Amino acid sequence: MRKVNIIGLGKSGIAAAKILQKNNEEVIIYDSKKTESLEKIKDNLALENITVKLGENISLNDENLPKLIILSPGVPYDIPILIEARKKGIKTIGEMELAWQYLKSYPWIGITGTNGKTTTTALIEAMLKAGNIKTSACGNIGYAACELALSALENPPQWVVAEISSYQIESSQELSPKIGIWTTFTPDHLARHKTLENYHNIKASLLQRSHYKILNGDDNYLHNFGLNLHWKNTFWTSVKGKDYLLGDIEKGVYLEDSWIVAFKELIAPISLFKMVGKHNLQNLLMATAAAKLAGVSKSAIVETISSFTGVSHRLELITTINGVAYINDSKATNYDAAQVGLDSVESPVILIAGGEAKEGDDTSWINKIKEKCVLVLLIGDAANLFAENLDKAGFKNYEIVKEMDKAVFRSHEIAEEKGAKVVLLSPACASFDQYRSFEHRGDDFRELCLKITMRNPSQPQL
């Protein structure tokens, strides 16, 4: 019986513990936090004979070393305790890598990139299911990867569709998808990865290990990267048409005369697709490429294109009140994603932005604000910083409100006066200053919007 330590008492850590326990491993979960909710989880896991230690870090005393350490996705791979563990010969891997060990007999589609991962993953899952292929999305969307591994013991999938962040790739050196997808690449997570080169190398490593590789040819960075790229089995996409494709047309998926073309086959007119924004057309092309490579029929792909309406927290229409659309784009956790969000909605816009600020260049985002916004309501820790930067750029139509409830009710109060067509939550920030996750933040926005809808019963709730 191996001794295994797990860091992090989230759904990933819990799922990892359960599958290891099924294989008769001695498992202890550590979490440095100690809260009432975590205590309840600890008590419940004790009933399943899983040991949890709260308010503690793993111990590396030489008398009782673990043989394996599993990291939850939010745990940096290079913290001192893990560096020390590796020096002592202790294997340290991520929860995603552990899941791979149990699921590597099934073909994987691994989706990574700075932005666009979630929508692309959801589209691929929907296309495979429409083609009667048994699958469930995991990773940053849907199940934790080890939750899928647990369910696979009794109900095995035909394909694994996984949204994989740079954090998860960093701690997964063996994970090798059948199909790898790289959606976009812009500066993000630099506080964690230190340099753009490190961030690039982490993303690229997943694609290098993938048998088939699908890349967004309209992303400036990836396009330039691809000019001197000699990877085998590489497929490029472009919403600009076949003349803009890198590589062979036979391996391209693109738009031509408002039709989706995949590997020289006409698939469907783009008018069937309901999601807004050019970036979502690109996501659709990458998903179509993956589905074709996975053997999904043309009819199943077309069915998905015509019925797919999007994912929660990414340009999600919550409700319409007095002709104003309230849209949840909480997953826009950096400047580039928030700029895409703004670019995708109809102006004039009241924007709700702020949270835990990230590094990056906000110039293009602020230019888009100046172009489309009649008011910006600033929340969270970044509110004052964003106010200063907007001031410097000559944009004065902002208010610092700090909390989400104040932002939502203020937007409703002033929308008619400002002539706004959209109230958009697109924070350009992480959520951890006030929320557990971007989902928690988006759910709060949704609930607040629906409270206003209930006060306006004549308005349809969407």
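Keep in mind that this is a model prediction, so the values were computed, not measured.
Among pairs with a residue in residues 282-296, those fulfilling salt bridge (Lys or Arg N to Asp or Glu O under 4.0 Å) read E265-K292, at least two apart in sequence or across chains. Applying the salt bridge (Lys or Arg N to Asp or Glu O under 4.0 Å) definition to pairs two or more places apart or across chains, those involving residues 129-151 are E125-K129. Applying the salt bridge (Lys or Arg N to Asp or Glu O under 4.0 Å) test to pairs two or more places apart or on separate chains, none has a residue in residues 203-216. For residues 429-443, every residue pair satisfying the salt bridge (Lys or Arg N to Asp or Glu O under 4.0 Å) rule, not counting sequence neighbours, is listed here: D443-R446.
Shown here are the side chain to side chain donor-acceptor pair (under 3.5 Å) partners of T121, two or more places apart in sequence or in another chain: there are none. Contacts of L255 classified as side-chain contact (heavy atoms from CB on, under 4.5 Å), with partners at least two apart in sequence or in another chain: V239, I260, I270, L281, L285. Taking the side-chain contact (heavy atoms from CB on, under 4.5 Å) definition, one finds that A289 meets it with I214, V253, F263, sequence neighbours left out. For E416, the side chain to side chain donor-acceptor pair (under 3.5 Å) criterion is met by no residue, not counting sequence neighbours. Looking at residues two or more places apart in sequence or on another chain, you find no salt bridge (Lys or Arg N to Asp or Glu O under 4.0 Å) involving E256. With sequence neighbours left out, A383 forms a side-chain contact (heavy atoms from CB on, under 4.5 Å) with L378, I400, K402. The salt bridge (Lys or Arg N to Asp or Glu O under 4.0 Å) check on D219 picks up nothing, with sequence neighbours excluded.
Taking NZ from K251 and OH from Y212, the interatomic distance works out to 9.0 Å, rounded to the nearest 0.5 Å. Annotation: the span from W159 atom CH2 to L103 atom CG amounts to 14.0 Å, rounded to 0.5 Å.
Test T112, T119, T118, T183 against E163 for side chain to side chain donor-acceptor pair (under 3.5 Å) and you get one pass: T118. With respect to N334, the side chain to side chain donor-acceptor pair (under 3.5 Å) criterion is satisfied by exactly one of T186, T114, N115: N115.
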Show me the donor-acceptor pairs, under 3.5 Å and distance only, between side chains in residues 341-350 and residues at least two apart or in other chains.
from: D343; atom 1: OD1; to: K368; atom 2: NZ; distance (Å): 2.9
from: S344; atom 1: OG; to: H279; atom 2: ND1; distance (Å): 3.4
from: S344; atom 1: OG; to: V340; atom 2: O; distance (Å): 2.7
from: E346; atom 1: OE2; to: K421; atom 2: NZ; distance (Å): 3.1

